Amino acid sequence: MYLTDYHAKYYAYELTKRYSSDRLEKLAGTFAGAQVDINPHQVDAALFAFSSPLSKGALLADEVGLGKTIEAGLVIAQKWAERACRILVITPANLRKQWQQELTEKFFLPCKILESKSFNTEVKAGVVNPFDTQDAIMLCSYQFARSKEVEVRSVLWDLVVIDEAHRLRNVYKPTNVIANTLKRSLEGRHKLLLTATPLQNSLLELYGLVSFIDNRAFGDLKSFREQFSNLKQDYKVQSLKERLQPLCHRTLRRQVTAYVPFTQRHTLVEEFTPEESEDRLYNLVSEYLQRDNLQALPAGQRSLITLVLRKLLASSTFAIAGALTTMASRLKAKLYEPQPDGSIAEALDQDYEALDETAEEWSDDEPGTPPTPQENAALKREIDELDDFAALATSIEHNAKGVALLKALDEAFKQTTALGGAQKALIFTESRRTQDYLMRLLGDSPWNKGIVLFNGSNTDEQSKQIYADWLQRHQGSDRVTGSKTADMRSALVDYFREQGRIMIATEAGAEGINLQFCSLVINYDLPWNPQRIEQRIGRCHRYGQKHDVVVVNFLNRKNEADKRVYELLDQKFKLFEGVFGTSDEVLGAIESGVDFEKTHCRYLPALPPARGHFCRL
């Protein structure tokens with residue numbers, strides 16, 4: 001076919017997609033091919049990512065549930081259309097499959113998940129660097145990208161997308177190995193960071209995220225501290241906003257209500273009173289944790305481990321019983337052969353899955369000194385005490401909070417049904433042992449059908465059977481990725497959607513899964529960091545939810561510490577209103593649950609009045 005010069009220029013213009021970055025036409029071709037219901041704020045965010053050809057990247061920080069994955073998908077699809085095909089997506093391991101489905105099904109983009117097995121297979125087939133390809137978008141986990149630093153660094157990436165980027169917020173700390181490794185290997189590459197919670201505990205985390213994109217945006221750490229350590233002066237707040245404007249884009253739920261019909265949240269507070277034996281156990285363990293000299297806790301991590309033990313104590317007697325038994329066993333072994341301090345942390349990690357993330361937010365205590373002969377003499381007495389505590393915890397067969405859960409489920413299901421929602425409930429706990437207890441408890445209740453567990457490993461027999469059935473059903477389809485972790489996650493979510501009634505999840509279920517078909521969230525254990533609570537609720541209260549969401553929280557009115565934690569969360573973050581409190585602040589509050597934990601966790605329940613240090617940015 002003969003083309004005039006005019007037609008040739010027109011087709012070349014269309015093929016190269018070279019439009020001004022602030023023009024809607026920049027993404028027009030991408031819109032035409034995408035099978036997704038695109039909203040104006042998502043278009044704005046995608047255009048923001050292209051806003052400056054000199055930009056080194058952007059931080060997209062929309063609130064939970066507003067579709068950051070779609071925004072990133074638009075950017076990725078546009079890059080692909082422009083033949084900039086070296087694209088890497090780094091995400092938590094359990095979200096790789098979800099990213100592959102989103103990009104494949106909604107944007108028709110070829111994707112490949114890289115992990116040890118697939119990487120080694122390609123290397124054996126003669127591929128020098130499996131990351132270096134223009135045939136597919138590469139998807140990998142944080143840990144895998146860190147382990148392949150040399151290979152990742154050697155690729156001239158056109159775009160690197162990092163999901164749940166708040167995991168990089170402590171990159172300014174030399175001890176954060178993964179974040180610093182990724183920063184080195186991706187230096188000079190265009191990066192797109194996605195997180196709903198860019199600031200959780202300190203302004204320094206904001207510095208860390210921005211420095212990951214552009215090391216010169218705020219200068220060095222010392223300079224940032226000097227400029228923004230005190231934001232009481234309005235001009236400093238304005239200066240920080242201006243410095244952030246070219247790099248950070250955030251959309252709030254209240255800003256999109258004109259075209260996104262977000263549903264409301266309704267809160268039920270279920271109060272309970274512990275039995276006498278539960279109270280006695282709480283008081284004994286609390287008194288023990290307040291002592292100055294404890295052999296069972298590693299000196300360098302005492303504050304961290306004390307926090308975890310208090311969380312397990314508040315979770316269930318079954319959770320704390322396991323921890324106490326572990327501590328006693330550790331001390332018994334220490335009588336004969338010293339163990340490294342880290343062993344207790346490693347043991348607790350088997351039950352409290354959020355330990356690694358909590359430790360990243362935590363400054364270690366000063367290293368301890370070797371025990372004196374007098375302390376060794378007290379070792380046996382401490383072992384006897386821990387054995388007694390564990391025996392008391394084990395003797396308690398029923399927890400008052402568990403009984404309260406059965407009552408709360410009845411009331412919450414009635415309210416959910418009245419609001420038009422399905423009778424499905426998502427229950428969160430911070431302990432795997434508590435998760436097992438709730439499974440047993442609900443198994444003897446009227447809601448004993450369709451219960452599924454969701455945690456970091458899912459090695460229970462029911463999960464294995466659900467996974468096997470799912471594999472058989474989808475054998476030969478692109479639903480199966482070959483990654484057991486990713487496929488197990490998909491299998492459990494599919495089961496909950498199609499057959500399940502109750503999902504009992506640990507913090508592993510607080511990120512990345514979409515459960516809009518469920519409109520009841522139960523915080524059996526209430527984390528002290530409000531951002532984690534918002535992540536939990538955001539699994540259900542997100543774009544696509546058709547019904548109002550009911551949120552249930554438990555409150556031990558007899559426990560002054562629990563009351564104060566609840567008051568702080570309710571007062572400072574307005575969690576239980578339709579919009580999360582940090583919605584009115586571009587970056588959230590400076591003080592958070594972690595600051596509260598650090599200040600008070602060793603000395604609860606004697607709590608001082610709440611502090612109210614907020615930073616409106």
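The residues of the chain are indexed from 1 along the displayed sequence. Note that the structure is predicted; figures quoted are calculated from it, not measured.
- For Lys148, the salt bridge (charged side-chain N to carboxylate O under 4.0 Å, His left out) test picks out no residue, with sequence neighbours left out.
- Counting heavy atoms from C-beta on, the side chains of Gln101 and Lys106 never come closer than 4.5 Å.
- Between Glu278 and Lys401 there is no salt bridge, since none of the side-chain N atoms of the basic residue sits less than 4.0 Å from a carboxylate O of the acidic one.
- No salt bridge links Glu411 with Lys414; every basic N to acidic carboxylate O contact stays at or beyond 4.0 Å.
- Of the charged side-chain nitrogens involved, at least one lies within less than 4.0 Å of a carboxylate oxygen, so that Lys97 and Asp487 count as a salt-bridged pair.
- A cation-pi contact, defined as under 6.0 Å to the ring centre and within 45° of the axis, links Arg501 to Phe413.
- Salt bridge status for Glu102 with Lys68: absent, with no side-chain N to carboxylate O gap under 4.0 Å.
- Put simply, the side chain of Tyr543 does not reach to within 4.5 Å of the side chain of Ile70, judged on heavy atoms.
- If you look at Phe496 and Phe517, their ring centroids are closer than 6.0 Å.
- Residues Thr416 and Ser519 bring no donor and acceptor atom of their side chains to less than 3.5 Å of each other.
- With 3.5 Å as the limit, one finds a donor-acceptor pair spanning the side chains of Trp470 and Asp494.
- Comment: Arg473 engages Glu498 in a salt bridge, judged by a side-chain N to carboxylate O separation of less than 4.0 angstrom.
- Using a 4.0 Å cut-off between charged side-chain N and carboxylate O, Lys407 and Glu271 make no salt bridge.
- The aromatic ring centroids of Tyr524 and Phe428 lie 6.0 Å or more from each other.
- Using a 4.0 Å cut-off between a side-chain N of Lys or Arg and a carboxylate O of Asp or Glu, Asp444 and Arg440 do not qualify as a salt bridge.
- We find that Arg86 and Asp132 are joined by a salt bridge, their nearest charged nitrogen and carboxylate oxygen being less than 4.0 Å apart.
- At a threshold of 4.5 Å between non-hydrogen side-chain atoms, the residues Arg539 and Val521 do not count as touching.
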